[in-house]
Amino acid sequence: MKNIGILTSGGDAPGMNAAIRSVVRTAISLGLGVKGVRKGYNGLIDGDFIDLDARSVSDIINRGGTFLYTARSPKFKTEEGMARAVENCKKNNIDGIVVMGGDGSFRGALDLSERGIKCIGIPCTIDNDIAATDYTIGFDTAMNTAVEMIDRIRDTAQSHDRCSVVEVMGRHAGYIALNTGIAVGATAILVPEAPLDMDYVINKILETQKTGKQHFIVIVAEGIGGIADISKEIEERTGIVTKATVLGHVQRGGNPTLRDRLVATQMGYAAVQLLNKGVTNRVICMKGEKIYDEDIVAALQMKKSIDCDLIKMAEDVAI
Ligand code: ADP
Ligand code: F6P
């Protein structure tokens, strides 16, 4: 291993920059050359590479987004796109690549591995929906942003004795919704992993109203969808003025939290150690506080489930 590449792919996540910095500096301390690949797999196809040194990654540990840019690349999934990507790696003497992204990006890494380019994945997504790892880079920052925003919504819901229904991100997963819902003291939390039960939501609001509660927060994961209809139903069935807010991409930006910077640095470090040993086709994972690595094929087959005890606890304390 003489030269490695780094790319960020799929949706961005706060902490990607900190992970890039860690990869670059670990590689340089091991005597490896490093090239940044811009715009995800598109950069491999187009040969959009930049040389990186220790100073190229100064002042990015604290910045959200990814300074290498990211993209979704349908072309990479074609034989032609992949062949061009491999050819460009060879032309630029790139022997291994650190791929930062989610499951889709790891499928791409697997394809590259099978074509002779060594790849290590680093899980980056605010959704925390990668089964092999307890934690994905960006999750903590996104949740802290959501909590800050919902606290603001709570102020105005309280002043007006209203109900606020807030949609947080999570395409197929309710991890952001569940954790932020608990942290903001939501009356009800709706996640895609459980069937939508509007009777439960309405009863919770009416029951807590009977004991003096006058404003209500309902958190809905994006994967549930239809928060306008949910809000309308709450208003119609309870008589409480109900406002809907979609937090959206505000959750994907902003300065990464300490946790995201720390995990990003640990995962970047571990990824380069593996590449330097000639290891390929692994994804860096976290179990508890421990960093380890898992085979990408095995990782892609794993299923993650939501913590039912946490759901029950959230329901029990929302009285
Ligand atoms: P994420 O990595 O966040 O899950 P996507 O699913 O959008 O995001 O995947 C990011 C990119 O990874 C895609 O645009 C594509 O270039 C590549 N990719 C996704 N799935 C595959 C696949 N089955 N084979 C090869 N490349 C893939
Ligand atoms: O996977 C992260 C995520 O932010 C999801 O929560 C959301 O559904 C999706 O990406 C949005 O993607 P885009 O920015 O392409 O609209």
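Counting starts at 1 for both ligands and their atoms, in listed order. Residue numbers count from 1 along this sequence.
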Compare [options] and give the one whose heavy atom is closest to [atom].
atom	options	value
atom 21 (C) of ligand 1	K77, M100, M82, R171	K77
atom 25 (C) of ligand 1	D12, D111, N42	D111
atom 27 (C) of ligand 1	G101, P74, G104	G104

Ion pair [X]/[Y], N-O distance below 4.0 Å:
X	Y	result
K304	D129	no
D199	R237	yes
D48	R38	yes
K312	D316	yes
R84	E87	no

Look only at interatomic distance and state if M169 has a nitrogen or oxygen under 3.5 Å from any nitrogen or oxygen of ligand 2. no

With a 4.5 Å limit on heavy-atom distance, are the side chains of I150 and V168 in contact? yes

Flag the pair V166 / I227 as yes when at least one side-chain heavy-atom distance between them is below 4.5 Å, and no otherwise. no

Under 3.5 Å between any N/O of [X] and any N/O of ligand 1: does that happen in this structure?
X	result
R72	yes
G102	yes
S73	yes

Provide, to 0.1 Å, the distance between [atom] and the closest protein heavy atom, together with that atom's residue and name.
atom	result
atom 2 (O) of ligand 1	S105 OG, 2.5 Å
atom 7 (C) of ligand 2	E222 OE1, 3.4 Å
atom 8 (O) of ligand 1	G10 CA, 3.6 Å
atom 22 (C) of ligand 1	R107 CB, 3.5 Å
atom 26 (N) of ligand 1	G108 CA, 3.4 Å
atom 15 (O) of ligand 2	R72 NH1, 2.6 Å
atom 1 (O) of ligand 2	D127 OD2, 3.1 Å

Apply the test side chain to side chain contact (heavy atoms under 4.5 Å, CB included) to residues R282 and D295: give CA-CA distance (whole Å), side-chain angles for both, the deciding distance (0.1 Å), then the verdict. CA-CA 5 Å; R282 309 287 294 180; D295 176 68; 3.6 Å; yes

Atom indices of ligand 1 within 4.0 angstrom of [X] heavy atoms, with elements:
X	answer
Y41	12 (O), 16 (O), 17 (C)
S9	10 (C), 11 (C), 12 (O)
F76	16 (O), 26 (N)

Would T125 count as a contact of ligand 1 if the rule is a heavy atom under 4.0 Å away? no

Specify side chain, backbone, both or neither for Q251, according to which of its non-hydrogen atoms lie closer than 4.0 Å to ligand 2. neither

Give the ring-plane orientation class for Y41 versus F76, where under 30° counts as parallel, over 60° as perpendicular and anything between as tilted. parallel

With heavy-atom distances below 4.0 Å as the criterion, list the atoms of ligand 2 near [X].
X	answer
H249	13 (P), 14 (O), 16 (O)
R252	3 (C), 4 (O), 9 (C), 10 (O), 11 (C), 12 (O), 13 (P), 14 (O)
G170	6 (O)

No-hydrogen, no-angle side-chain donor-acceptor test under 3.5 Å, D260 and T141: yes

Would you please say whether a donor-acceptor pair under 3.5 Å links the side chains of T66 and D12? no

Establish, for the pair K204 and F216, whether the NZ or CZ atom is under 6.0 angstrom from the six-membered ring centre and no further than 45 degrees off its axis. no

Is the NZ or CZ atom of K39 positioned over Y69's six-membered ring, under 6.0 angstrom from the centre and within 45° of the axis? yes

